[in-house]
Structure formats: structure tokens, C-alpha cells
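We name chains A, B, ... by the order of the sequence lines, and we start the count at 1 in each one.
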2 protein chains.
Amino acid sequence: MTIRDVAALAGVSTATISRVVNRSGYVSPKTRSAVEAVIRQHGYTASRSARGLSSGRTGLIAVTVPRIHPSYFSVIVAGVADALYEHDMRIVLCPTLHEHDREVSLLARLVHGTTDGGVLILPEESPSELRDLMTHGFSFVVIDPRTRIDARVPTVSAANAAGATQAMEHLLALGHRRIAAITGPSALMANKERTRGYNAALAAAGLTPDPELTFESEFDVQGGAIAASALFDLAERPTAIFAFNDQLAIGAMRVALARNLRVPEDLSIVGFDDTSESELLRPALTSVRQPLAEMGRMGVSLLMRLVENRRLEAVHIELATELVIRGSTGPPGPR
Amino acid sequence: MTIRDVAALAGVSTATISRVVNRSGYVSPKTRSAVEAVIRQHGYTASRSARGLSSGRTGLIAVTVPRIHPSYFSVIVAGVADALYEHDMRIVLCPTLHEHDREVSLLARLVHGTTDGGVLILPEESPSELRDLMTHGFSFVVIDPRTRIDARVPTVSAANAAGATQAMEHLLALGHRRIAAITGPSALMANKERTRGYNAALAAAGLTPDPELTFESEFDVQGGAIAASALFDLAERPTAIFAFNDQLAIGAMRVALARNLRVPEDLSIVGFDDTSESELLRPALTSVRQPLAEMGRMGVSLLMRLVENRRLEAVHIELATELVIRGSTGPPGPR
DNA sequence: GGCCGCTCTGAAAACGGTAACAGCTGCTTT
DNA sequence: AAAGCAGCTGTTACCGTTTTCAGAGCGGCC
């Protein structure tokens, strides 16, 4: 079933079919309904390849993501997919496995004639590579940028600094004064922001950050465990730990329980992300929720404007986080 | 950068460029390297749209999946994506949100001119709709079929019956005799198979299944909780529960702990899927691992043969499961 | 009555590749 | 010596759309 077949059956030209299908230009109501009848009856759908070749728009959006599986990413992708579906666009999914080369070569190929734009989630590209991409005329947005990038690239992220401050204010209000931070890799902008929020909250409470209490490690359970062990070995133990993601918090909680520290009586723990794991833990984890699906949706909404209007004033959106209080935090014990 | 630009720069015809890029036909080494130099230098990539239009192959594979987020699906998708990447194909991701109409209309549009084939994960289509799809010449494989479908459609699933038997043999070997089953929706083929494995294991141990001990519910935490409550209210409580997925097991464990039943001393629990949650629970959950990523990979491997050879003898693949024993199972208490 | 503008429609030229076909060279075979 | 064939390359038709352009019909206005 090609457009020509439909045209022949309806007794009109292919141009008219195209106009009917795309709701563009003038078509008399009579012709329109006749064509629509033929289309319905024979189940015609336009070939995306042909359309892409002819009009330059493929209806496909590339989505790069380090990995699909960690729920952090899959929830964002779900939000992106949802929003794109509403625009009748499809998503070309590209897991990069954190490999810079893979991502670059993928994008290079997608830019040209495959997709109309891209949503880059935590991309590996350097700021200059992203700038090149932009000057080549590729429309894209970045969700959760790894580093500070060209101001003209639209970005969407969570309010990381504010979220960290929320977590800290909760702990401070409970009476904690020695609050440790287990940060993820400091190269990530999100972590820099969270650190900023951590320090800001301490300062606001009139406390000076103790460098001993900040520990950087990999963003995984293992990293959390290592950091927690080190913190517990300090002469003066912290009474609370703010972990920069839930994985780290899980690791910390494991070590705490292994050392017979009761949570939250002896140690309060706050995570970040509020992944589904956090309410599974016992005690359930207090965590800063990022609006991940929303971030995906918002990215698409920016991208659509970019794709349609061609170019758009710089936009950097930060979506508010929310502190979800569960059983892992409480007032510090009497010591 | 079009193929014509490259041809002009290299001083050859477009046909030669095409041959170099696709490694087809004869090209002298000298010409080849000259062309490759131009391509590298100017960063040419063929337009997928044009290629798709001309050759009929787009290098895109549609992947339908009910939802992205539950890790059950995202792990399968990750396996699919990984395998497709190796074939230099991209994945067009279509979350159907369990909506039959959405899935049907998506596929209808993808079949024609957009993708070369499809991987359908737990599809909503009826067997007859799938048959139609096949007779229309669309190449696809089904992963984890919902029901028994046309024997000519290649399918990949886990060895559900055998997996259930593994779980049961473990419980039986520990000495359990009253073993309840919390099944998911019995419409799903996977659940029928697991029920078959459950009954087979009981029979092999010389026990007759007690209908009181089988409880069907929705595949979620809530469903597990409801089922477990009912089971605990029986005159003679089961000493072990085999839940047909981990969500159900989590629900059951919650209710057990709420009723002050100790796991595993008073009650053993086995799950199915071995999702990442299972080792987070306290006690950690004994569960039947499905090789999800492998299933995705295997699906692609079948599909590739289908796409290349056109048509393929019926293949139904069952991948072996593995029982992962953790802390939630132990010998029954003395009562 | 001539002109304008609006509505509607069709012819035809792209869009960027692929692949069938033909043509050329130089070597091997008969 | 003619024929055949492998290796290499170019010409060109075609894939299924969109879009530009031109033209036809028609009512309203000066």
C-alpha cells in the first residue's frame, strides 16, 4: 500500500493524499472523506523512510542513556517515551554503556538523516563536543548534565542544591550536629550542587563543615560501605549520614547494621533519588525524591519547541525535589 | 554531506561509494582507501531514510514492551539493545502501557516502512492478530508470550515449569510439606507453567495439591499481601510460600512480619524473577532467577536470522532458570 | 466585464540512497 | 585467436513521500 495505490483507488493525485494525511493545504470536505474512507478500508500508513527523505523529518528522536536498567534511568526514559508518544514521535533508544566513543559515534550517525533531535541523558560528551553538535544544527536537550555546558544548550535537572539543603534541614531540625556526607564522584555537576547545598545548610545553622565528615566514593553500594566504614572509625562518629544517592545509603546502612549500630537511634541516614528500593529497606530510607519522569517529560517539551521553532533561547530548568521522610531518620541518641 | 558530495570529492561514482560503505560488490583497494579517506575526513554517514526507502531495510527494530520501568522489562530491553548494537541496528522503543489498542496501532505503523522487524515483549496481541502480522510478512519474535500462540512464531521464554519445580524441590528438601502457591494472573502462560511445575513437584514428592493452598492474585505487592493474609488465616497454616514473582513475595513477607511470623523460622518464602530487590530484603529473598538479559539477546539472535534468511523454521526457546538461595528459606519450625 | 483572491487539485521535481545493468580491462581457457 | 570470466566502475531507474508551482473554477468588487 503506497500513496499511489491510495491515490488511484480514491481517484485523486498523490499530492491530495499527502494533504489529507498531513492536514496541510486545502482539501474539499468531500475529497477528504473519500480519501479517508479508502485509507481506513485498506489500512494505509505513510512510510517513514520516504517521508523522512522527502521532508527531512523522520518522527524519530534519539535518546541516549548510559544504561537502561538502573531505575534512575529507566524512569526518566519512561517519562521521555510517554511525552514523545503524545507528539506521535518514536524513540530511538541508545544505551551507551558509559562509553564515550560509543556515544559519539552513535550521535554522529543519528544526527544525519535518522532522527529529528535528541534527548541526552547524563551524556559523556565534553562541552565542546556538545557545542559542535549544536552548531551542526542538531536539536537536542540534555537531562542531568554531567558538567557545566554551553549556556545555549537547553538542560533539565533536579534542584540538587536545594534538595540537599532540604535533607540537611531535616537532620538539623532533628538535632543532629555532626552530619557526614557521602558524596558521589565530584566530577558530576549534580554532586557539586549537592555539596553546595550541604555546606549552605550547615552554614545557615552556624556550623562550619568538618572536612573529616565529607567522603567521596563511587555511586554504588560498595562505595557507600567503604565510606561508612571510614566514618564509623572516626574518633568522634557522626550521628547522621547524608548519602548522595540511595545506593550509597544502602551500603552505609548495611555497614551500620553489621556494626550493631541501630538506625535511626544510633545513626540517621538520608539518601537521594528516592528510588523504589528506599521503601523496601528496613528501616525504610528517608530520601530526597527527584521528579525523574517529570524531568523526562520536560526535556521532551523543550525539545519539541526546539524542533518546531528551530532554535530557542537558552533554557535551563531545575525541577523541585521533595524530601520523603521514612524510618531511617530520627533524633540523635543521648550518646 | 550526501553520497554525491563524497563521490565528487573522491572522483568516483555514487555506486562506488555505496559499495565501499556497504562492503558489497567489487572495489579496488586503492579506490576503497581513497573513498574511506574522504569519508573519514568529512564525516559522511548514509541517511537511514534514503537507505530505507531504496533498499527496504532501515536498520531499525521495533521493541514493544508493556512498561519500561519495572526492572523485569528494563533488563530484557537492555539485553535486546545490547545484541542489536552488535548488529549495528537501532532500537525503536514502544512502551504500550498495557494498552492493546496502542500496541496494535503502533505495530501497524511500524510494520510499514519504519522498521525491519520487531521484538515483542509480553505482547497484548491476540494469537490471531499475531498471525495476521506474520502473514503480512513482518518479521518478529515474541519474548515471554502471554498465551500460547501460533507455533510458527518464534518465542523465547524462561523454563517456567522447571523453575517452579526447582523452587519446590528446594522447599521439599528442607522438609516442608504444606507449601502454598501465590500465583499471578492465571491467564499468563508463564503462570500456567509455574503452576504445572508446582503441581509436578508435589506429585513427585507423593503429595496431592491442596486447593486451599493455591491463591491467585495480581502481580504486585498488594496482591501478595492479600494472598498471604488469606493463607495465614487457614486452620492449618502453610509452612512455606512459593510466590510466583518477587513482588508477591515482598507483599507476603510484609504481612508475615506484621503478624510476628519469623522468616524463615516460622515461614519460608521463595520468589520468582530474582529482581534486584530480592537481595535487599531482610531476610534476603530466595528466588528463581530468570535469565532476562539472555532472553533479550536470544530474541535478537532469532530475529536476525529471520530478517536475513526470510522465514525460519518454528523455534521456541526456553532458557534455564536458576534457584538463588538466600535467607528467606529454611527448615520448617517444630510448630 | 475584467480583475482579484480564495479554494481546490494535479504534474513534476526533488530527497539520498541502492542495485540492476552495461561496459571496460586484462587474464585464463579452449 | 576467440571466447569467457573475474575485477572494477559508471549510468540510471527506482524507492514513497513532500512540496512547489501552475492552473482551473468561482464569487465578489470596482
Taking all non-hydrogen atoms of both residues into account, name the closest pair between B:C94 and B:L106 and its distance. CB-CD1, 3.7 Å
Contact letters for nucleotides 9-20 of chain C, in which S counts primed atoms plus P, OP1 and OP2 and B counts the base, heavy atoms under 4.0 Å: BBB---BBBBB-
End axis versus end axis in the helix from C:dG1-D:dC30 to C:dT30-D:dA1, the angle rounded to 10°, five pairs used at each terminus: 50°
Salt-bridged, B:R57 to B:D116, with N to O below 4.0 Å? no
Might you point out which heavy atoms bring A:Y72 and A:L292 nearest each other, and give the distance in Å? CE1-CD2, 3.4 Å
Side chains of A:F73 and A:I68: does their closest heavy-atom pair fall under 4.5 Å? no
Heavy-atom closest pair (A:T58 atom, A:T115 atom, distance to 0.1 Å) is OG1-CA, 3.5 Å
Sidechain N-carboxylate O distance under 4.0 Å for A:D88, B:R109: yes
Under a 4.5 Å cut-off applied to non-hydrogen side-chain atoms, are A:I143 and A:T155 in contact? no
